[in-house]
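FYI, side chains are in, hydrogens and waters are out, and symmetry mates aren't considered; it's all heavy atoms of this structure. Letters A, B, ... are given to chains in the order of the sequence lines, protein chains preceding strands, and every chain is numbered from 1.
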Amino acid sequence: MPKNFQSPSGMHDIFGEQYDYFERIREVFFKVAKIYGFEGIETPVMENIKVFTRGVGEHTDIVEKEMYSFKTKGGDQVALRPEGTAGIARSYIEHNLYTRTQPIKFFYFAPFFRYERPQAGRYRQFWQFGLETIGKESPVLDAQIIAVMYNVFQELGIKDLVVEINSMGDSSCREEFEKVLKKHFKKENSSLCADCKKRIKKNPLRVLDCKKCIKVKESAPQIVDYLCIQCRDDFKKVLEYLEELNIPYDLNSFLVRGLDYYTNTVYEFFASGSEERLALGGGGRYDGLINLLGGEETPATGAAMGVERTILSMKENEIKVEKETPRVFIAQLSDLAKRKCLKLFEEFRKANVPVSESFGQGSLKRQMNKANKMNAEYVLIMGEEEAVEDRIIIRDMQSGQQENIKTKEAVKEIKKKLK
RNA sequence: GCGGCCGUAGCUUAAUGGCAAAGCACUCGGUUGUGGUCCGAGAUCAUGCGGGUUCGAGUCCCGUCGGUCGCCCCA
């Protein structure tokens, strides 16, 4: 038995200041997402492994190397979810959500798991907040998701967000492009890195993402030139909507997302202030996914952002999260006073006036100290004498002035003072 | 999965291979019932864990766990 347990590698406890950031991000995200008509969803942290091997893609790194998977006692092959979209797609199919008015719009804020070497901004259990719009095909829905995320970051104080955007085409124009790309890379084979030589066969698009093969990339054909009329028009519309909404974007013809299910519009978000190219999140259209998982051909689009990375970015931008604490504090002394203050606390709660207390603290000095640290404006003090006479003292912490009132007037008095 | 650096109290940091220290925070007291400032005292099984070298290891070596940076990949 070890003397000291540590949390598992790449997993961490969230409390204190860190929790305040989490809470803030969750609140802002939920609020904004609801305004745009999204509703909440929670899916299980694990799924049948096939949901991910089929959905995310058998040959993606996420599935091949990074998934926590195991066999249950009953013999089912399951995996901890490495991302959110596949599980939600499974849920959409399972509950026949196509029978509702389309599209279905979901938001989530949840933990995900990937077995990777941990680093700053990269954990084995990490949190994402995301959106999915399933069941309607329209570029305005892609733009809307980008807009929600953009506005969440605006509200959090990260103003200099940049959206990098590209289109991967649908399955037919992508196939066409991949052929051209393969031909190009084969010609340049000698100058490709070892990894990319392998990539040409399995997934030539990923070469565009390589940081080593920059020269070969630059001379490569661009996908936008190979999009069919439909896809090009679709992509153009997304960009037009973004312009309409004043959301800044950069076209990035090298942007290729690592998950197999993406089609057409794809994008990643970066805080332009930070020097590292750590993406805050990304998303795109995934019209093939529902079908891959056994449902009908269903258009869909979504995005997900990393919570821990958002916090890193907030801290880089020196954005502090102010915790709201009650402006009133109840202090008590003696057993009788404690009992009466417990009751008084309930009255404040019923009247929807937040107050704080430190009933566990013995000395009045400690309680005053705590009230001060919480920046209380008023402290209600009840000692033995006041308890017996059904009085309570109101102390104005700024001026130090105190007055006596009847205990039953306390809620009313405080309400008056707080205005 | 591969390579570099790091790990001393709740936090931030000291300690030529030679008694493990300080500040902040915490608790108590100065004020038998009043915060911020001040003064005094106290407390924490502190060298991540396990081996080795040595008369002696926080310090050197090996392993391991954790963190961090780069590669890979991604949120």
(message) Testing the 3.5 Å rule here: is there a donor-acceptor pair between the side chains of A/Lys50 and A/Gln77?
(response) no
(request) Examine B/G70: is either OP1 or OP2 under 4.0 Å from a nitrogen or oxygen in the side chain of A/Gln119? Give yes or no. (result) yes
(message) Need one value for A/Leu280: base, sugar-phosphate or nothing, where a base atom within 4.0 Å counts as base even if backbone is also close, heavy atoms only.
(response) sugar-phosphate
(message) Is the phosphate of B/C28 approached by A/Arg366 (side-chain N or O, under 4.0 Å from OP1 or OP2)?
(response) yes
(request) Output yes when at least one side-chain N/O atom of A/Lys373 is less than 4.0 Å from OP1 or OP2 of B/C26, else no. (result) yes
(message) Applying a 4.0 Å non-hydrogen cut-off, can you work out what A/Gln125 is touching in the nucleic acid: base, sugar-phosphate, or nothing?
(response) nothing
(message) If I pick the C1' atom on B/G4 and the same atom on B/U44, what distance separates them, to the nearest angstrom?
(response) 35 Å
(request) Verify the distance criterion only: is there a donor paired with an acceptor across the side chains of A/Asp142 and A/Thr265 at less than 3.5 Å? (result) no
(request) Please confirm whether any donor atom in the side chain of A/Arg395 sits under 3.5 Å from an acceptor in the base of B/G35, or the reverse. (result) yes
(request) Measure from CD1 on A/Ile392 to P on B/G33 and round the result to the nearest Å. (result) 17 Å
(message) Please give the distance between the P atoms of B/G29 and B/G35 as a whole number of Å.
(response) 12 Å
(message) We want to know whether A/Ser253 and A/Gln222 form a side-chain donor-acceptor pair, criterion being a heavy-atom distance below 3.5 angstrom.
(response) yes
(request) Determine whether A/Glu116 and A/Lys65 make a side-chain contact, defined as any pair of heavy atoms from C-beta on separated by less than 4.5 Å. (result) no
(message) Tell me if the side-chain of A/Arg122 makes a donor-acceptor pair with the base of B/U68, cut-off 3.5 Å, by modelled atom types.
(response) no
(request) Select base, sugar-phosphate, or nothing to describe what A/Lys65 touches, counting heavy atoms under 4.0 Å on all strands. (result) sugar-phosphate
(request) For B/A22 and B/A46, measure between their P atoms and round to the nearest Å. (result) 14 Å
(message) Base, sugar-phosphate or nothing for A/Glu66? Non-hydrogen atoms, less than 4.0 Å.
(response) sugar-phosphate
(request) Give me the ring orientation class for A/Phe113 and A/Tyr68: parallel if the planes are under 30° apart, tilted from 30 to 60°, perpendicular past 60°. (result) perpendicular
(message) Once you apply a heavy-atom cut-off of 4.0 Å, does A/Gly121 come out as touching a base, just sugar-phosphate, or nothing?
(response) base
(message) Under 4.0 Å, heavy atoms only, any strand: does A/Gln402 hit a base, just the sugar-phosphate, or nothing?
(response) base
(request) Ignoring backbone atoms, establish whether A/Ser9 has a side-chain N or O less than 4.0 Å from OP1 or OP2 of B/G67. (result) yes
(request) Using the C1' atom on both, measure B/G50 against B/U68 and round to a whole Å. (result) 23 Å
(request) For nucleotides B/C26 and B/G70, find the distance between their P atoms and express it as a whole number of Å. (result) 36 Å
(message) Can you check the distance between B/A9 and B/A20, where both ends of the measurement are the C1' atom (answer in whole Å)?
(response) 11 Å
(message) Once you apply a heavy-atom cut-off of 4.0 Å, does A/Phe112 come out as touching a base, just sugar-phosphate, or nothing?
(response) nothing
(request) Let me have RNA chain B in dot-bracket notation, would you? Count Watson-Crick plus G-U wobble pairs, both distances under 3.5 Å, and use [ ] for pairs crossing earlier ones and | for inter-strand partners. (result) (((((((..((((....[..)))).(((((.......))))).....(((((..]....))))))))))))....
(request) Evaluate the ring planes of A/Phe109 and A/Phe29, with Trp represented by its six-membered ring, and classify them as parallel (under 30°), tilted (30 to 60°) or perpendicular (over 60°). (result) tilted
(request) Rounded to whole angstrom, note down the C1' distance from B/U13 over to B/G58. (result) 14 Å
(message) Is it the case that the ring center of A/Phe107 lies less than 6.0 angstrom away from the ring center of A/Phe38?
(response) no
(request) Report yes or no: do A/Gln332 and A/Gln367 form a side-chain donor-acceptor pair below 3.5 Å? (result) yes
(message) What contact category does A/Met305 fall into here, base, sugar-phosphate, or nothing, at under 4.0 angstrom with non-hydrogen atoms?
(response) nothing
(request) Sticking with atom P, work out how far B/C49 lies from B/C39, rounded to a whole angstrom. (result) 36 Å
